[in-house]
Amino acid sequence: MKAHGPLLAIALAVGCTTAGAAAGDAKHGEEVYNRCIACHALKTDRVGPRHCGLIGRHAGSVPGFAYSEAMKKSRLTWDEKTLDRFLQNPMKAVPGTSMTYDGVPEAKDRSDLIAYLKNANSGPECRK
């Protein structure tokens with residue numbers, strides 16, 4: 001059994017590293033979010049809708065915000081998977097969206113941005 005100890009330690013270390021990478025780096029994600037602030041804010045609607053409450057929200061559902069028909073009819077619910085797909089290429093993910101931003105091409109940047117949004121949504125910035 002002792003012979004397996006080093007292999008088990010390596011497997012656990014690799015597993016922990018992979019899990020940590022998948023979760024994203026919220027600190028870097030906040031830097032990536034700076035690309036979004038021309039149109040979005042956490043707590044208030046701007047050119048784009050607010051991001052507080054984003055996780056688990058149905059796309060096109062913030063009361064009073066003027067969404068495109070495409071977004072209102074998209075039937076998306078924002079989670080890590082749908083955000084990743086949308087952020088990669090908004091106009092491909094929801095043809096007809098009024099969000100004309102080209103997207104976030106790097107997978108790590110998207111993962112980090114999503115981690116930041118998840119943290120912000122459960123943090124003091126978004127508490128009422």
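These numbers come from a predicted model, not from an experiment. Only this structure's heavy atoms are used, side chains among them; waters, hydrogens and symmetry mates stay out.
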If two hydrophobic side chains count as joined below 4.5 Å and joins carry through other members, does Tyr101 share a cluster with Met91?
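They do not share one cluster, since no chain of ILVMFWY contacts under 4.5 Å joins Tyr101 to Met91.
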Crowded around Asp102 CG? As in, over 12 foreign heavy atoms under 6.0 Å?
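No - once you tally the heavy atoms of other residues, nucleotides and ligands closer than 6.0 Å, there are 12 at most.
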Taking CD in Glu125 as the centre, count heavy atoms belonging to other residues, nucleotides or ligands within less than 6.0 Å. Is the count above 12?
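Above 12, so yes.
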Distance check, rounded to the nearest 0.5 Å: [X] atom [atom1] versus [Y] atom [atom2]?
X	Y	atom1	atom2	value
Leu87	Thr82	CG	OG1	9.0 Å
Lys81	Leu83	NZ	CG	12.5 Å
Tyr116	Lys27	OH	NZ	12.0 Å
His51	Arg57	NE2	CZ	7.5 Å
Arg35	Leu113	CZ	CG	8.5 Å
Glu31	Asn34	CD	CG	7.5 Å

Apply side chain to side chain contact (heavy atoms under 4.5 Å, CB included) to the pair Lys108 and Asp25, showing each step before the final yes or no.
CA-CA 9 Å; Lys108 181 181 181 341; Asp25 176 357; 4.2 Å; yes
Looking at Lys72 and Glu69, is any side-chain nitrogen of the basic one under 4.0 Å from a carboxylate oxygen of the acidic one?
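Yes, Glu69 and Lys72 are salt-bridged.
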Side-chain contact, heavy-atom cut-off 4.5 Å: Pro49 with His40?
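They are in side-chain contact.
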Side-chain heavy atoms of Met71 within contact of Met99, under 4.5 Å
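Not in contact.
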Identify the two heavy atoms, one from [X] and one from [Y], that lie closest to each other, and give their separation to 0.1 Å.
X	Y	result
Tyr33	Leu42	OH-N, 3.5 Å
Thr97	Ala70	N-CB, 3.9 Å
Asn121	Ile55	OD1-N, 4.0 Å
Val47	Phe65	O-CZ, 3.1 Å
Ile114	Asp84	CD1-N, 3.6 Å
Gly24	Ser111	CA-OG, 3.5 Å

Could you walk me through whether Val32 and Glu106 pass side chain to side chain contact (heavy atoms under 4.5 Å, CB included), step by step?
CA-CA 11 Å; Val32 177; Glu106 295 295 324; over 6 Å; no
Evaluate the criterion side chain to side chain contact (heavy atoms under 4.5 Å, CB included) for residue pair Leu76 and Arg85; output intermediate values, then yes/no.
CA-CA 11 Å; Leu76 294 175; Arg85 188 173 70 237; 3.3 Å; yes
Donor-acceptor contact present, side-chain Arg46 to main-chain Ala41, <3.5 Å:
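A pair under 3.5 Å: no.
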Any donor and acceptor pair, going by atom type alone, linking the side chain of Asp112 with main-chain N or O of Ala26 inside 3.5 Å?
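Such a contact is absent between Asp112 side chain and Ala26 backbone.
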